[in-house]
> 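Can you read through this structure? Questions will come right after.
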Amino acid sequence: MFFVILLYALFASLFPLSKVGLQCSEPFFFIGVRMTVAGILLLAYQLIRYRRLPIERQHLILFVLLALINIFMTNTAEIWSIDHSESSKMCLIYSLSPFLSALVAYF
């Protein structure tokens, strides 16, 4: 139970930290740096743990498209909305999205 509370506390702290980070940089640059650091950390973990990258050449273009459309565009929209509104409101809207998706899927 402690880890669940810790997870939600860390998730809630992401929005005010993003708001502070946006005071120092533009939204596209902020997301680009954040995603680049995350990608380097994930690739380093993969190399340390398994000693290889299980990425085939034919899948590389799909990974790039997935990164651009699914990750970069959604995070850019999120950061842009945090830049133009309150972080507490954005945290509430972002946390309600699974429930709203379930409601829409029901109907």
Side-chain angles (χ1 to χ4, degrees):
M1 186 69 178
F2 171 74
F3 289 118
V4 173
I5 294 171
L6 180 66
L7 176 70
Y8 277 101
L10 289 173
F11 180 70
S13 68
L14 175 73
F15 292 95
L17 288 175
S18 296
K19 188 81 165 177
V20 170
L22 284 172
Q23 293 175 353
C24 302
S25 67
E26 294 293 319
F28 286 111
F29 179 75
F30 186 70
I31 288 297
V33 169
R34 194 172 87 172
M35 294 300 118
T36 302
V37 170
I40 289 170
L41 288 174
L42 288 172
L43 286 174
Y45 172 77
Q46 180 73 25
L47 285 173
I48 291 170
R49 176 83 189 239
Y50 299 108
R51 305 272 192 249
R52 65 182 182 91
L53 293 176
I55 299 173
E56 298 176 13
R57 279 201 184 278
Q58 61 192 16
H59 297 153
L60 195 58
I61 189 72
L62 296 174
F63 284 131
V64 169
L65 286 173
L66 179 69
L68 284 176
I69 295 169
N70 193 27
I71 298 170
F72 183 74
M73 295 301 286
T74 57
N75 284 322
T76 303
E78 173 192 336
I79 288 294
W80 182 80
S81 63
I82 287 175
D83 193 25
H84 293 291
S85 66
E86 299 173 12
S87 59
S88 59
K89 185 188 297 184
M90 293 314 303
C91 185
L92 177 68
I93 291 171
Y94 200 77
S95 297
L96 286 177
S97 64
F99 300 108
L100 294 175
S101 297
L103 185 66
V104 168
Y106 178 76
F107 291 114

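For this chain, numbers begin at 1 and follow the sequence in order. Keep in mind that this is a model prediction, so the values were computed, not measured.
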> Got a sec: does the CD of Q46 have more than 12 other heavy atoms crowding it under 6.0 Å?
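More than 12 heavy atoms, drawn from other residues, nucleotides or ligands, come within 6.0 Å of this atom.
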
> Do I79 and L17 share a hydrophobic cluster (ILVMFWY, side-chain heavy atoms under 4.5 Å, transitive)?
no

> Quick one: pull up OG1 in T76 and CG in L68 and give me the separation to the nearest 0.5 Å.
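Between T76 OG1 and L68 CG, I get 9.5 Å after rounding to 0.5 Å.
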
> For the atom pair CD1 (I48) and CG (L43), what is the distance rounded to the nearest 0.5 Å?
11.0 Å

> Once you round to the nearest 0.5 Å, how far does CG of L41 lie from OG1 of T36?
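It comes to 11.0 Å.
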
> Return the set of residues passing side chain to side chain donor-acceptor pair (under 3.5 Å) with E56 (not counting sequence neighbours), or none when no residue passes.
Q58

> Quick one: pull up CD1 in I31 and OG in S18 and give me the separation to the nearest 0.5 Å.
7.0 Å

> Work out which heavy atom in D83 is nearest to a heavy atom in K19; give both atom names and the distance.
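Closest approach of D83 to K19: O-NZ, 3.7 Å.
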
> I need the F28 CZ to N75 CG distance, nearest 0.5 Å.
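Nearest 0.5 Å value for the CZ-CG distance: 12.0 Å.
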
> Counting heavy atoms not belonging to F11, are there more than 12 under 6.0 Å from its CZ?
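Yes, CZ of F11 has more than 12 neighbouring heavy atoms, counting only those of other groups under 6.0 Å.
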
> What are the two closest heavy atoms between F30 and S25, and how far apart are they?
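In this case the closest contact between F30 and S25 is CB-OG, 3.5 Å.
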
> So does L66 get a backbone contact from the side chain of N70, meaning a donor-acceptor N/O pair under 3.5 Å?
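Checking the backbone N and O of L66 against the side chain of N70, no donor-acceptor pair under 3.5 Å is found.
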
> Checking S81 side chain against E78 main chain: does a donor-acceptor pair fall under 3.5 Å?
yes

> Between I5 and L10, is there a shared hydrophobic cluster once you connect ILVMFWY residues whose side-chain heavy atoms come closer than 4.5 Å?
no

> Tell me if a side-chain donor or acceptor on S85 pairs with a main-chain N or O of I82 at a distance below 3.5 Å.
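Checking the backbone N and O of I82 against the side chain of S85, no donor-acceptor pair under 3.5 Å is found.
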
> Can you see which heavy atom on I71 is nearest to which on T74, and at what distance?
O-OG1, 3.2 Å

> Starting at CD of E26, measure out to CH2 of W80 and round the result to the nearest 0.5 Å.
13.5 Å

